[in-house]
Peer 1: 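Supplied in structure tokens, the structure appears directly below.
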Amino acid sequence: MSQEMYNQFNKFTKENPDLCYRDYLLAKEKVGNSTAIYKGEPVEFLYQGLFYSENEYKELKKLLNGLNSILDKVIKEYKNNPVFRSYFAFSDLMEELILINPGYTNNFPMGRFDIFYEESGQHKFCELNADGASAMNEVRVIQNVIYGSLASQEILKNYSLKRFELFYSWIDSLLHNYREFNNGVDDKPNIAIVDFDGEGTMSEFKEFQKRFIQSGYQTVICDPRELKYIDGHLYYNDMKIKLVYRRATTIRLVEEADFISDFLDAYRDGAVCVVGGLVSQIIHNKVLFAILHDFNKVSFLNEDDKTFIKNHIPYTRIVDFQDKELIQNIKNKKNRWILKPFDQYAGKGVYAGKDFEDKGWNDIIDKNINSEYIVQEYINVPQCEMTYADKQLKFEEFGYLLGLFTYNQQLTGLYTRAGRKSIIGAIAESFTVPNYVYREV
């Protein structure tokens, strides 16, 4: 992240606090009137921009490519080696769905991989979001609003700022996979954006739907329970669906399997192209990090891969609650650890030891004795001073996570969430901060 650009932005806000506060109120009004809605409320954001040079962005691409190479090897091993599959301990149905060939070669067409960004380049991946990866719409809205701010306009006198386009680029990626599924032909399939009612971000789905339709593809938003499989074709009402943009998480599909048998049977039979395929659950599940750190289980990886894991993935173990020595270590060294459930999102069920007194921490461990958890090395969240508005502009230290949007395994954009607590997410505190790649003009 460029200190020069960051300092220039913050210098302007500090020298013009009243002017920038009024500008923030205008920005807040724009967001309030936009489609950047989460759980019925406008997305919270900071009057702040973060800036990356073109070289820094290239380095993030290299980082992502290194991880993608490892993940593809893991997925290949999972498909070919029953012993390796057993380490994930998926249910029989989950395993069956993962092993279905989706009809195209890309293992995880969409993802958002979150990192702790370090100036040294020793970034650490903290979470891999594949199933239902989201926030593209809030990135679009917030980056445009802050791009038009007075502080950004000061920077634009000497630099160009690249914003990230995450909608039409996804259409291109989605259709690339469909053409591979359909023997190279784009026959203008009807598209269904699929998630369970009340689960996804409807405002974002509608933004995608609008652009799909503008591009010439009839598109519906529907619940998988509404899909019917008749005579070898999948239908929503009387519309034949040939392409599904899946936003429903794999774990929820498995939980609801008895109620979505038509959708699952069409997927099994290859009657519909589902992007992304359910194989992405391998990387979405947090147990993956623990498996990667057990080098006896990943002997198929080379030394460069193992060095990458040591450098960029926090040390992780599966919590065996019967292992009294491990449990005592977690209890005694609480500040070293963070507990995460195997398959949740938005910070649900995540606990950082440093946030609790000894008794509270021990109670959490004892309460979850029958749950599926990993324990992970606690990484100090990178921090910087950001501009926060509360009746006036304030300048406070915020921790932040940088998300790498990946479409067909290519870096497509950046997403930053910031907060003042140990855990950054909807469950605790989260503000969106826009990112830009700059170039001198």
Peer 1: Any side-chain heavy-atom pair from Phe289 and Leu128 closer than 4.5 angstrom?
Peer 2: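 Yes; the side chains approach each other to less than 4.5 Å.
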
Peer 1: In chain order, what residues pass the ring pair (Phe, Tyr, Trp, His ring centres under 6.0 Å) check against Phe116, with sequence neighbours excluded?
Peer 2: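 Phe116 satisfies ring pair (Phe, Tyr, Trp, His ring centres under 6.0 Å) with no residue once adjacent residues are dropped.
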
Peer 1: Applying side-chain contact (heavy atoms from CB on, under 4.5 Å), name anything that partners Val74, two or more places apart in sequence or on another chain.
Peer 2: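 With sequence neighbours excluded, Val74 shows a side-chain contact (heavy atoms from CB on, under 4.5 Å) to Ile70, Phe84, Phe88, Ile282, Leu288, Leu292, Phe300, given in chain and number order.
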
Peer 1: Is the shortest side-chain heavy-atom distance between Asn335 and Tyr378 below 4.5 Å?
Peer 2: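 Asn335 vs Tyr378: side chains apart.
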
Peer 1: List for me each residue that meets salt bridge (charged side-chain N to carboxylate O under 4.0 Å, His left out) alongside Lys331, sequence neighbours excluded, and say none if there are none.
Peer 2: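 Listed in chain order: Asp366.
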
Peer 1: Should the pair Phe9 and Phe51 be assigned to parallel (<30°), tilted (30 to 60°) or perpendicular (>60°) ring geometry?
Peer 2: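 Judged by the thresholds at 30° and 60°, the geometry between Phe9 and Phe51 is tilted.
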
Peer 1: Among all residues two or more places apart in sequence or in another chain, which pass the ring pair (Phe, Tyr, Trp, His ring centres under 6.0 Å) test with Tyr147?
Peer 2: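 For Tyr147 there are no ring pair (Phe, Tyr, Trp, His ring centres under 6.0 Å) partners, ignoring immediate neighbours.
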
Peer 1: Looking at residues at least two apart in the chain, or sitting in another chain, which of them share a side-chain contact (heavy atoms from CB on, under 4.5 Å) with Ile100?
Peer 2: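 side-chain contact (heavy atoms from CB on, under 4.5 Å) list for Ile100, sorted by chain: Glu96, Leu97, Tyr267, Arg268.
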
Peer 1: Which residue pairs satisfy the salt bridge (charged side-chain N to carboxylate O under 4.0 Å, His left out) criterion with at least one member in residues 406-416, sequence neighbours excluded?
Peer 2: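 As it turns out, there is no salt bridge (charged side-chain N to carboxylate O under 4.0 Å, His left out) pair with a partner in residues 406-416 once direct neighbours are skipped.
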
Peer 1: Looking at Glu357, I'd like to know if its CD atom is crowded, meaning that more than 12 non-hydrogen atoms belonging to other residues, nucleotides or ligands lie closer than 6.0 Å.
Peer 2: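 Result for CD/Glu357: open.
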
Peer 1: Using the side-chain contact (heavy atoms from CB on, under 4.5 Å) criterion, which residues pair with Ser160? Sequence neighbours excluded.
Peer 2: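 Once residues adjacent in sequence are excluded, the partners of Ser160 under the side-chain contact (heavy atoms from CB on, under 4.5 Å) criterion are Arg439, Val441.
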
Peer 1: Sequence neighbours left out, cut at 3.5 Å: what donor-acceptor pairs do the side chains of residues 19-37 make with other protein atoms?
Peer 2:
unit_1	atom_1	unit_2	atom_2	d
Asp23	OD2	Tyr47	OH	2.6
Asp23	OD2	Leu150	N	2.8
Asn33	ND2	Glu29	O	3.2
Ser34	OG	Val31	O	2.7
Ser34	OG	Ala36	N	3.0
Thr35	OG1	Asn137	ND2	3.1
Thr35	OG1	Arg140	NH2	3.2
Thr35	OG1	Glu207	OE2	3.3

Peer 1: Taking the side chain as everything from C-beta on, heavy atoms only, tell me whether Val298 gets closer than 4.5 Å to Asp294.
Peer 2: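 No, too far: nothing below the 4.5 Å cut-off.
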
Peer 1: Think Lys14 forms a cation-pi with Phe395, using NZ or CZ under 6.0 Å from the six-ring centre and within 45 degrees of its axis?
Peer 2: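 That pair qualifies as a cation-pi contact.
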
Peer 1: Would you mind listing every salt bridge (charged side-chain N to carboxylate O under 4.0 Å, His left out) that reaches into residues 100-120, with sequence neighbours excluded?
Peer 2: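 Only Arg112-Asp114, Asp114-Arg417 qualify under salt bridge (charged side-chain N to carboxylate O under 4.0 Å, His left out).
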
Peer 1: Just by distance, do the side chain of Glu226 and the backbone of Asp223 share a donor-acceptor pair under 3.5 Å?
Peer 2: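 Yes, the answer is positive, given that a donor and an acceptor are paired below the 3.5 Å cut-off.
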
Peer 1: Is it the case that the side chain of Ser152 and the backbone of Ile146 share a donor-acceptor pair, with hydrogens and angles ignored and the cut-off at 3.5 Å?
Peer 2: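 Yes, because the side chain of Ser152 sits within donor-acceptor range (under 3.5 Å) of the backbone of Ile146.
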
Peer 1: Do the side-chain N and O atoms of Glu56 and Tyr438 include a donor-acceptor pair separated by under 3.5 angstrom?
Peer 2: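 Checked: Glu56/Tyr438 side chains show no N/O donor-acceptor pair below 3.5 Å.
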
Peer 1: Pairing donors with acceptors under 3.5 angstrom, does anything connect the side chains of Asn10 and Gln48?
Peer 2: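 Per modelled atom types, Asn10 and Gln48 side chains form a pair under 3.5 Å.
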
Peer 1: With Lys286 as the cation and Phe342 as the aromatic partner, state whether NZ or CZ is under 6.0 Å from the six-membered ring centre and within 45° of the axis.
Peer 2: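 No, Lys286 does not lie over the aromatic ring of Phe342.
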
Peer 1: Counting only N and O atoms by type, is there a donor-acceptor contact under 3.5 Å from the side chain of Asn182 to the main-chain atoms of Gly184?
Peer 2: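 Not at all, since once roles are kept as given, no pair shorter than 3.5 Å links the two residues.
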
Peer 1: What I want to find out is whether Arg246 reaches Asp195 closely enough, with some N-O distance under 4.0 Å, to be called a salt bridge.
Peer 2: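 Here Arg246 does not pair with Asp195 in a salt bridge, since their nearest N and O are not under 4.0 Å apart.
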
Peer 1: Test your reading of the model: is there a side-chain donor-acceptor pair from Glu429 to the backbone of Ile424, 3.5 Å cut-off?
Peer 2: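 No; judged by distance alone, with no hydrogens or angles, the pair does not exist.
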
Peer 1: Does a side-chain N-to-carboxylate-O contact under 4.0 Å join Asp363 and Lys367?
Peer 2: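 No, Asp363 and Lys367 are not salt-bridged.
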
Peer 1: Judged by modelled atom types alone, do Tyr178 and Asp187 share a side-chain donor-acceptor pair under 3.5 Å?
Peer 2: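 Tyr178 vs Asp187: donor-acceptor pair found between side chains.
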
Peer 1: Using only atom types and a distance under 3.5 Å, with no angle test, would you say the side chain of His312 pairs donor to acceptor with the backbone of Lys124?
Peer 2: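 Absent.
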
Peer 1: Applying side-chain contact (heavy atoms from CB on, under 4.5 Å) to Met386 and Leu50, what does each step give before you reach the verdict?
Peer 2: CA-CA 10 Å; Met386 297 193 191; Leu50 298 179; 4.3 Å; yes

Peer 1: Going by atom types alone, do Thr316 and Gln376 pair a side-chain donor with an acceptor below 3.5 Å?
Peer 2: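 Per modelled atom types, Thr316 and Gln376 side chains form a pair under 3.5 Å.
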
Peer 1: Does the ring center of Phe431 lie less than 6.0 Å from the ring center of Tyr400?
Peer 2: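 Judged by ring-centre distance (under 6.0 Å), Phe431 and Tyr400 do not meet the cut-off.
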
Peer 1: Does the side-chain contact (heavy atoms from CB on, under 4.5 Å) test come out yes or no for Leu326 and Arg317, once each step is laid out?
Peer 2: CA-CA 10 Å; Leu326 173 63; Arg317 283 189 63 174; 3.8 Å; yes

Peer 1: Using side-chain heavy atoms (C-beta onward) and a distance below 4.5 Å, is Val433 in contact with Phe45?
Peer 2: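 No, their side chains stay 4.5 Å or more apart.
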
Peer 1: Quick check on side-chain contact (heavy atoms from CB on, under 4.5 Å): which of Ile142, Leu401, Leu404, Thr432 does Tyr415 satisfy it with?
Peer 2: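 Result for side-chain contact (heavy atoms from CB on, under 4.5 Å) with Tyr415: Thr432.
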
Peer 1: Backbone N or O of Gly276 within a donor-acceptor pair of the Ser280 side chain at under 3.5 Å?
Peer 2: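 No; zero donor-acceptor contacts below 3.5 Å.
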
Peer 1: Sub-3.5 Å donor-acceptor pair from the side chain of Asn302 to the main-chain atoms of Asp304, do we have one?
Peer 2: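 At least one qualifying donor-acceptor pair exists.
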
Peer 1: Specify the closest pair of heavy atoms between Phe181 and Pro102, including all atoms of both residues, with the distance to one decimal.
Peer 2: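 Heavy-atom minimum between the residues: CD1-O, 3.4 Å.
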
Peer 1: Under 3.5 Å, side chain of Asn177 to main-chain N/O of Tyr104, donor-acceptor pair present?
Peer 2: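 No, Asn177 side chain to Tyr104 backbone: no donor-acceptor pair under 3.5 Å.
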
Peer 1: Taking the basic N atoms (NZ, or NE/NH1/NH2) and the acidic carboxylate oxygens, is any pair closer than 4.0 Å for Asp72 and Lys76?
Peer 2: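 Not counted as a salt bridge, because no side-chain N and carboxylate O are separated by less than 4.0 Å.
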
Peer 1: Check salt bridge (charged side-chain N to carboxylate O under 4.0 Å, His left out) between Glu165 and all other residues, then give those that pass, not counting sequence neighbours.
Peer 2: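 Checked Glu165 against salt bridge (charged side-chain N to carboxylate O under 4.0 Å, His left out); zero matches.
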
Peer 1: Hey, do the aromatic rings of Tyr117 and Tyr52 have their centres closer than 6.0 Å?
Peer 2: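 Ring centroids of Tyr117 and Tyr52 are less than 6.0 Å from each other.
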
Peer 1: Does Glu77 come within less than 4.0 Å of Lys73, counting only side-chain N to carboxylate O?
Peer 2: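 No, this pair does not count.
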
Peer 1: Within a strict 4.5 Å, meaning less than it, do heavy atoms of the Pro109 and Leu174 side chains meet?
Peer 2: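 SC-SC contact between Pro109 and Leu174 ruled out.
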
Peer 1: Would you call the rings of Phe405 and Tyr407 parallel, tilted or perpendicular, where under 30° means parallel and over 60° means perpendicular?
Peer 2: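 Ring orientation, 0 to 90° scale: perpendicular.
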
Peer 1: Is a side-chain donor or acceptor of Asn68 paired with a backbone partner of Gln409 at a separation under 3.5 angstrom?
Peer 2: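 Yes.
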
Peer 1: Ring pair (Phe, Tyr, Trp, His ring centres under 6.0 Å) with Tyr245: which residues, sequence neighbours excluded?
Peer 2: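 Tyr245: ring pair (Phe, Tyr, Trp, His ring centres under 6.0 Å) contacts with Trp170, Phe208.
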
Peer 1: Can Glu377 and Arg336 be counted as an ion pair, charged N to O under 4.0 angstrom?
Peer 2: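 Salt bridge between Glu377 and Arg336, a charged N being under 4.0 Å from a carboxylate O: no.
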
Peer 1: For the residue pair Trp337 / Asn329, report whether a side-chain donor-acceptor contact shorter than 3.5 Å exists.
Peer 2: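 There is such a pair between these side chains.
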
Peer 1: Grab the two heavy atoms, one from Phe205 and one from Ile193, that are nearest each other, plus how far apart they are.
Peer 2: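 Closest approach of Phe205 to Ile193, heavy atoms only: O-CD1, 3.6 Å.
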
Peer 1: Does Phe356 form a side-chain contact (heavy atoms from CB on, under 4.5 Å) with Asn362? I'd like the steps, not just the answer.
Peer 2: CA-CA 9 Å; Phe356 298 90; Asn362 293 345; over 6 Å; no

Peer 1: Quiz question: by atom type and distance under 3.5 Å, do the side chains of Asn107 and Tyr78 form a donor-acceptor pair?
Peer 2: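 No - no donor-acceptor pair under 3.5 Å links their side chains.
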
Peer 1: Who passes side-chain contact (heavy atoms from CB on, under 4.5 Å) against Glu397, sequence neighbours left out?
Peer 2: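 If we apply the side-chain contact (heavy atoms from CB on, under 4.5 Å) test to Glu397, skipping adjacent residues, the hits are Gln383, Glu385.
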
Peer 1: Crowded around Lys58 NZ? As in, over 12 foreign heavy atoms under 6.0 Å?
Peer 2: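 Not buried by this count: 12 neighbours or fewer within 6.0 Å.
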
Peer 1: Within the distance-only criterion (no hydrogens, no angle test), does the side chain of Tyr436 pair as donor or acceptor with the backbone N or O of Phe164 below 3.5 angstrom?
Peer 2: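 Flag not set: sc Tyr436 to bb Phe164 has no pair under 3.5 Å.
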
Peer 1: Run the salt-bridge test on Arg247 and Glu204 with the 4.0 Å N-O cut-off and return the result as yes or no.
Peer 2: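 Salt bridge present between Arg247 and Glu204.
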
